[in-house]
There are 2 protein chains.
Amino acid sequence: MNMSLRERKKQRTRQALIDAAGRLFDEQGYEATTVEQIAAAADVSTRTFFTYFRHKADVLYANSFERIDVGVRVIGSRQPGERPVQLLARAFDEMLAESWEMGLTAGLVGEAFKLPIHSHRASVDRSDTRLERLAAALVSACDIDRLTAYSMVAAAIGAVSGAAAVAMGEGRTDEEVLAETARACRRALAGFDS
Amino acid sequence: MNMSLRERKKQRTRQALIDAAGRLFDEQGYEATTVEQIAAAADVSTRTFFTYFRHKADVLYANSFERIDVGVRVIGSRQPGERPVQLLARAFDEMLAESWEMGLTAGLVGEAFKLPIHSHRASVDRSDTRLERLAAALVSACDIDRLTAYSMVAAAIGAVSGAAAVAMGEGRTDEEVLAETARACRRALAGFDS
DNA sequence: TGTAAATATGCATCGAGTGCAACTAAAGTC
DNA sequence: GACTTTAGTTGCACTCGATGCATATTTACA
């Protein structure tokens, strides 16, 4: 980890923004918090916020995007003979494990799942979405058609999000939430093991 | 259908907005089209657009929301002994059948699926989302816990959206798209038949 | 130390979305 | 048919997310 001063500063600012956003979202809710407030709390200009995150909502997913990397990596490490369903389930397990480990606040995750997030003006770079990246990885790793791959990943994401939202909404413990999401994921995938 | 003049006018305006939006989205794409343009094309003020649709994106889902009603109704009509998975699959079949019947342009549907839709300022009325409404209906109709219901519905929605997006992206015929989405839906649900 | 490259910031502007108040047209009343 | 009530339309001002551009300010590197 030999970062240049520049690099370190960038990381620090980025983290400051994430922390500030997390704190403010928890305190006032997502909608009630403005980018201006986040930037002020992180001691940078509003304009600078947008050099780190394309959209206000992206700060919520900041770590989520890194989690996707984990999933893509798992998919890339497919064992010979491993079936797509198993592989994808394994990828989700790793991603979910990561999620809790890196101490996302419930507030952050909760908001993230709650939001039917969209994009305002942003011309939505599809290749950057969770679905796209995981499905693409699955297609390259296995002998599977795009349609099936996308359906599988989308079903899994849906199940996981739905389960997590309800479980967290009901105030379950982290362990329970983790267990329930993993279970929902497997159930959603089961039928694709044709 | 004995509507008052007022009611008829409202429907006409609403339809004019939907039509104008569909046309413009097809011609220029979703992002490039402004609400101002849609309103102008429908010959109403910009402000009026927002009395019909809460968000720009809602005009895309205009008919989709009505489809959800169909699904909710199917779920409400559960046959004694019918399992949640069968019931939900039936609901999705009906909703999908409706979709093509009422002549949604591929452009409209395509855009709708493409968008990782979100909400700008709008404090997202959750009880109004597809997921919420279908899951809630399922919980009342069957003896099923919220967590499972939400996971199921979310998985199904994901699978259907994913399959539809890919199938349409590949230029399949309407029949094929319909068949593939129905299949993806069933596969996503299969594992929930515990 | 000076210069090139990367960041940060201010400013102007666009588009979505909301609240409010004034206006217009339809509906119901006498 | 004129009168009032009520629903729906519109303009206006404003907030906030987001982008482009031009200008500082830093850091890197010779």
Side-chain angles (χ1 to χ4, degrees), chain A residues 2-18 20-21 24-25 28-62 111-112 115-125 128, chain B residues 2-18 20-21 24-25 28-62 111-112 115-125 128:
Chain A
N2 240 338
M3 288 180 185
S4 64
L5 169 58
R6 225 174 222 167
E7 204 62 26
R8 269 176 289 148
K9 261 193 156 175
K10 234 167 54 173
Q11 296 296 350
R12 217 183 311 143
T13 302
R14 186 184 146 86
Q15 199 55 49
L17 284 168
I18 294 173
L24 290 168
F25 290 162
Q28 335 175 333
Y30 176 82
E31 302 289 352
T33 303
T34 68
V35 172
E36 198 178 348
Q37 293 177 322
I38 300 171
D43 208 45
V44 294
S45 74
T46 302
R47 191 70 188 72
T48 296
F49 175 94
F50 289 105
T51 71
Y52 285 89
F53 303 101
R54 282 233 284 241
H55 313 292
K56 177 186 174 187
D58 282 0
V59 71
L60 279 175
Y61 296 120
E111 287 293 346
L115 289 172
I117 289 295
H118 229 293
S119 95
H120 170 56
R121 170 186 273 176
S123 56
V124 180
D125 186 353
D128 208 42
Chain B
N2 242 336
M3 288 182 185
S4 64
L5 171 56
R6 230 176 218 165
E7 204 62 26
R8 268 176 290 149
K9 261 194 156 175
K10 233 168 53 172
Q11 296 296 350
R12 216 183 311 142
T13 303
R14 186 185 146 85
Q15 199 54 50
L17 283 169
I18 294 173
L24 289 168
F25 290 163
Q28 335 173 337
Y30 177 80
E31 302 289 350
T33 304
T34 69
V35 172
E36 199 178 347
Q37 292 177 322
I38 300 171
D43 207 44
V44 293
S45 74
T46 303
R47 190 71 188 72
T48 295
F49 175 93
F50 290 106
T51 72
Y52 284 90
F53 304 100
R54 281 234 285 243
H55 312 293
K56 176 186 173 186
D58 282 359
V59 71
L60 280 175
Y61 296 120
E111 288 291 347
L115 287 172
I117 286 298
H118 98 68
S119 97
H120 169 56
R121 168 188 275 175
S123 55
V124 179
D125 185 353
D128 208 42

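Letters A, B, ... mirror the listed sequences (proteins, then strands); counts begin at 1.
Judged by distance alone, with hydrogens and angles left aside, the side-chain atoms of A/Tyr52 form no donor-acceptor pair with the main-chain N or O of A/Val59 at under 3.5 Å.
A pairwise comparison of heavy atoms in A/Phe50 and A/Val35 identifies CE1-CG1, 3.9 Å as the closest pair. Minimum interatomic distance between B/Ile38 and B/Ala20 (heavy atoms only, all atoms of both residues): O-CB, 3.9 Å. Heavy-atom minimum distance, B/Ala41 versus B/Leu24: CB-CD1, 4.2 Å. A pairwise comparison of heavy atoms in A/Lys56 and A/Tyr30 identifies NZ-O, 3.0 Å as the closest pair.
For B/His55 and C/dA16, the shortest distance from a side-chain N or O to OP1 or OP2 is not below 4.0 Å. When the side-chain nitrogen and oxygen atoms of B/Tyr52 are compared with OP1 and OP2 of D/dT9, one or more of them lie within a distance under 4.0 Å. Taking only side-chain nitrogens and oxygens, A/Lys10 comes nearer than 4.0 Å to OP1 or OP2 of C/dT7. For D/dT10, the OP1/OP2 oxygens have a side-chain nitrogen or oxygen of B/Thr48 closer than 4.0 Å.
Rounded to whole Å, atom C1' of D/dG17 lies 13 Å from atom NZ of B/Lys56. Whole-Å rounding puts the A/Asp43 CG to C/dA8 C1' distance at 12 Å. What separates CZ of A/Phe50 from C1' of C/dT7 is a distance of 17 Å, to the nearest Å. With rounding to whole Å, A/Asp58 atom CG is found 12 Å from D/dG17 atom C1'. Atoms CD (B/Gln11) and C1' (D/dA7) sit 15 Å apart, rounded to a whole Å. Rounding to whole angstrom units, CD of residue A/Glu31 and P of D/dT15 are separated by 18 Å.
On a pure distance criterion of 3.5 Å, no polar donor-acceptor pair joins the side chain of B/Arg47 and the base of D/dG8.
Residue B/Phe53 is out of contact with every strand shown, counting any heavy-atom pair closer than 4.0 Å. Nucleic acid contact for A/Phe49: none, since no nucleic acid atom lies under 4.0 Å from a heavy atom of the residue.
Judged by distance alone, the side chains of B/Thr33 and B/Gln28 do bring a donor and an acceptor atom under 3.5 Å apart.
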Could you encode protein contacts along nucleotides 23-30 of chain D as a string, one character per nucleotide from 5' to 3', using B for base contact, S for sugar-phosphate-only contact and - for no contact, with a heavy-atom cut-off of under 4.0 Å? ---BBS--

